[in-house]
2 protein chains.
Amino acid sequence: MHEVAARAGVSIKTVSNVVNGYQYIRPATKERVEAAIADLGYQVNISARNLRRGRTGIIGLAVPELSLPYFAELADSLIRAAEARGLTVLIEQTGAVRERELEVLSGQRRHLTDGLIFSPLALGPQDAAALHVDFPMVLLGERIFGGPADHVTMNNVEAARAATQHLLDLGRRRIAVVGAHEGETMGSAALRVQGYRQALEEAGLAVDPALVGEAGLWHRATGAETMERLLDSGVEIDAVFGLNDALALGALHVLHARRIDVPGQIAVIGFDDIEETAYSSPTLTTVAPGREQIATTAVDLLLARIEEVEPDAPFVQVVTDFEIVVRESTLGEQAVAAPS
Amino acid sequence: MHEVAARAGVSIKTVSNVVNGYQYIRPATKERVEAAIADLGYQVNISARNLRRGRTGIIGLAVPELSLPYFAELADSLIRAAEARGLTVLIEQTGAVRERELEVLSGQRRHLTDGLIFSPLALGPQDAAALHVDFPMVLLGERIFGGPADHVTMNNVEAARAATQHLLDLGRRRIAVVGAHEGETMGSAALRVQGYRQALEEAGLAVDPALVGEAGLWHRATGAETMERLLDSGVEIDAVFGLNDALALGALHVLHARRIDVPGQIAVIGFDDIEETAYSSPTLTTVAPGREQIATTAVDLLLARIEEVEPDAPFVQVVTDFEIVVRESTLGEQAVAAPS
DNA sequence: TTGTAAGCGTTATCAA
DNA sequence: TTGATAACGCTTACAA
């Protein structure tokens, strides 16, 4: 910057002003400075700017793992939303491990970022205190209620109720769940099972515990295992509600391997609307949670906190929309137009 | 840091020494400083350190998009590898758009990072000059040859030859390709088609141009479209080589929709070994490129450049191993043990 | 409209 | 083994 100033015959302050688009600069001066910048190929040193400004323009994104398609697609949307607002995203993977999720809240990386978008999966009620952080943070997902931070979530209960209702409307009565977390009272699993129960009760059906399959991790592999356990138990099943798409796709895999017709014998619905669901065989009916809306809302909320638009605004909870996307796994192959 | 120094009764230099694990500190002094750090909950200011050290501890990762499972899984591995070496990863999405790929090489973000791992998809021979950058960079993929940077790649020709050979070994003779890029002479598409041709020629078979299906983007949707075009053309086909898994899965989707038995009528093989291939119906035979090896190699190469272990070391090209993973889409359902 | 000078929180140099 | 002091490159009062 000194070199640029010398070459343009001005002070470094003026160079700084030009670089930062300060208004009151004589056009001639500005031109000279810009010429000097171009000649020397000067670029501002971001570290120095960060130090002085106390901001980095980077926001952290903490997710379980990018190899889970839902989080990969979410990260994609968040990166785009952040970029549109001049922010860069630093991704941290927690592996859904409690210790790592706690680290995210206190770690060194927080000094590198202006704020954090955090999708916790392992934190429990006992960790509520750790969420009282002194930096801007937006929580994603359903893990925390009344949390001490802005929070973007969807109406899980209602969405799960609608998904179950969709199966009931098709005449299914023996609807199994894949992915329940026994003993949990908060988090996506608990809420979605709650919606499932509600729908059944409203239809005047009892909830058969034998139909509720546990799966700790929500991966394809655990979905497959749970589906096998359910089938092996001999319980009667005419539909499956996978609490996320990965679980549902794992279940679909097992049903295919056992030559069980989907949706003829068993209809399947998932949750998340990851891209893969439009291409599986059969294609998977699922709940679309409005990923873009979640991403832009989260970034906007975080940016408002970072810029202290309203310093003492109370923490908000934004509930996003959802939609049931009907595909072959519940309606059959004739009824749904193939994509592509 | 000043406060810590005051509390411990030492100079800030000593605090700095303790923080950085400098060797020659009297244990008593060290203890006092550490106590003061704990009391005050002090944490070093990374921006200041970056400014002074001229390094940020962040490396950039530029990929087309995270919603493509291959790149999501690659990013996952790279983030883990970087973390194990004390580095943080900043992800940039280029959307496989040439302008954005060029931006990555010159953009402001480069000042935020110590180096770049770059997986270009759109740059062509005319952009070779832009790759002469003055910061540490490691290239991934097959887009550039003799590039002016370290380069991690796999033997695409050989891998594609092996994939085609696998189909030939099964007795298939009318092997279609999905994903070719006409007119291109470098890049994964060209190399993989080359391997395909080699295998056919070695088997004494002619290459039928009608069997080579174009697909610009390597997504499920384009794979589906290309498969439909091939089928509609009426050309005889008994096997399909998807140049990546997304294309192959898109093709699989169309074959399923048209009630064409896989692998009975048409066998299918993909390329990349994304997780989804182990759960599709049928599961997909594919080429596994050794993702972990690619990730750790890339990070190690980059770190060596950043740390200038050997300042003038010539650029290296590391060729990673591959393996054919045989699943139902070529062998049938009886022959392969199901996962889970 | 532009310049001067202070200071952001570290680390590096060199002396003690 | 430790301390004083000078950078690192920028932004920002404040002054001119």
Side-chain angles (χ1 to χ4, degrees), chain A residues 1-37 40-58 86 88 108-114 134-135 306-308, chain B residues 1-37 40-58 86 88 108-114 134-135 306-308:
Chain A
M1 193 174 247
H2 279 99
E3 284 179 45
V4 174
R7 188 173 245 260
V10 298
S11 78
I12 61 164
K13 173 63 214 303
T14 303
V15 178
S16 173
N17 281 341
V18 172
V19 167
N20 291 287
Y22 184 64
Q23 259 194 313
Y24 306 105
I25 311 175
R26 207 182 304 158
T29 316
K30 189 171 172 184
E31 269 174 39
R32 246 179 319 132
V33 172
E34 281 170 347
I37 288 177
L40 276 64
Y42 164 81
Q43 292 197 292
V44 292
N45 178 315
I46 305 282
S47 289
R49 171 180 283 176
N50 289 345
L51 173 59
R52 182 62 230 218
R53 290 221 257 229
R55 274 187 56 180
T56 63
I58 307 179
T88 307
Q108 285 288 339
R109 287 205 178 79
R110 295 287 68 75
H111 288 265
L112 219 63
T113 54
D114 297 336
D134 58 357
F135 52 82
I306 291 171
E307 290 177 345
E308 299 188 309
Chain B
M1 192 174 245
H2 280 98
E3 285 178 45
V4 173
R7 188 173 245 259
V10 298
S11 78
I12 59 163
K13 177 64 217 304
T14 302
V15 177
S16 173
N17 281 341
V18 171
V19 168
N20 292 286
Y22 184 64
Q23 258 194 315
Y24 305 105
I25 311 175
R26 208 181 305 155
T29 314
K30 189 171 171 185
E31 269 174 40
R32 247 183 316 135
V33 172
E34 282 169 347
I37 289 177
L40 278 67
Y42 163 82
Q43 293 197 291
V44 293
N45 178 315
I46 305 282
S47 288
R49 171 181 282 175
N50 290 345
L51 172 58
R52 181 63 232 211
R53 291 221 260 232
R55 276 186 55 180
T56 63
I58 306 178
T88 307
Q108 285 289 339
R109 287 206 177 75
R110 294 287 69 74
H111 288 264
L112 221 62
T113 54
D114 297 335
D134 58 357
F135 53 82
I306 291 172
E307 291 178 344
E308 298 189 307

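Protein chains get the first letters and strands the later ones, always in sequence-line order, with residue 1 at the start of each. No hydrogens, no waters, no symmetry mates; every other heavy atom, side chains included, goes into these values.
In terms of phosphate contacts, B:Tyr42 brings a side-chain nitrogen or oxygen within less than 4.0 Å of OP1 or OP2 of C:dT10. Taking side-chain N and O atoms only, B:Thr29 has a distance below 4.0 Å to OP1 or OP2 of D:dT2. Residue A:Arg49 places at least one side-chain N or O closer than 4.0 Å to OP1 or OP2 of D:dT11. Here A:Ser11 does not reach the OP1 or OP2 of C:dT4: none of its side-chain N or O atoms lies under 4.0 Å away. For D:dC10, the OP1/OP2 oxygens have no side-chain nitrogen or oxygen of A:Ser47 closer than 4.0 Å.
Among the atoms of the strands shown, none is found under 4.0 Å from any heavy atom of B:Gln23. Using a 4.0 Å heavy-atom criterion, one finds that A:Asn20 contacts the sugar-phosphate atoms exclusively. Within the 4.0 angstrom heavy-atom criterion, base atoms lie near B:Leu51. Within 4.0 Å (heavy atoms only), B:Val44 reaches sugar-phosphate atoms of the nucleic acid but no base atom. As judged by a 4.0 angstrom heavy-atom cut-off over every strand, A:Val10 is placed among residues touching the sugar-phosphate backbone only.
Following rounding to the nearest Å, A:His2 (NE2) and D:dA7 (C1') show an atom-to-atom distance of 12 Å. The distance from atom CD1 of B:Ile25 to atom P of D:dG3 is 10 Å, rounded to the nearest whole Å. What separates CE of B:Met1 from P of D:dT2 is a distance of 15 Å, to the nearest Å. The interatomic distance linking B:Lys13 (NZ) with D:dA7 (C1') rounds to 14 Å, in whole Å. Following rounding to the nearest Å, A:Arg53 (CZ) and C:dG7 (C1') show an atom-to-atom distance of 16 Å. Counting to the nearest Å, the C1' atom of C:dT1 and the OH atom of A:Tyr22 are 8 Å from each other. In this entry the distance linking CD of B:Gln43 with P of C:dT10 reads 11 Å, nearest Å. Residue B:Asn17 contributes atom CG, which lies 16 Å from atom P of C:dC14 at whole-angstrom precision.
With C:dT11, D:dT1, C:dT2 as the choices, the nucleotide that has an atom nearest any side-chain atom of B:Ser16 turns out to be C:dT11. Taking every side-chain heavy atom of B:Tyr24 into account, D:dT1 is the closest of C:dT11, D:dG9, D:dT1. Minimum atom distance to the side chain of B:Ile12 is reached by C:dT10, of the listed D:dA4, D:dG9, C:dT10.
Checked by distance alone, B:Arg52 brings a side-chain donor or acceptor within 3.5 Å of a matching partner on the base of D:dA7.
Heavy-atom contacts from other residues, nucleotides or ligands closer than 6.0 Å to CD of B:Gln43 number more than 12.
Side chain of B:Thr56 to backbone of B:Asn50: no donor-acceptor contact under 3.5 angstrom is found.
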Can B:Val19 and B:Arg49 be said to form a side chain to side chain contact (heavy atoms under 4.5 Å, CB included), step by step? CA-CA 12 Å; B:Val19 168; B:Arg49 171 181 282 175; 3.6 Å; yes
Set out, in order, the CA-CA distance, both residues' side-chain angles and the distance that settles side chain to side chain contact (heavy atoms under 4.5 Å, CB included) for B:Val18 and B:Thr29, then state yes or no. CA-CA 9 Å; B:Val18 171; B:Thr29 314; 5.8 Å; no
Step by step, would you call B:His111 with A:Val44 a side chain to side chain contact (heavy atoms under 4.5 Å, CB included)? CA-CA 8 Å; B:His111 288 264; A:Val44 292; over 6 Å; no
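Along DNA chain D, the nucleotide closest to B:Lys30 and the one closest to A:Ile46 are compared, and the more 5′ of them pairs with B:Lys30.
Contact check for A:Val33 versus A:Lys30: no side-chain heavy atoms found under the 4.5 Å cut-off.
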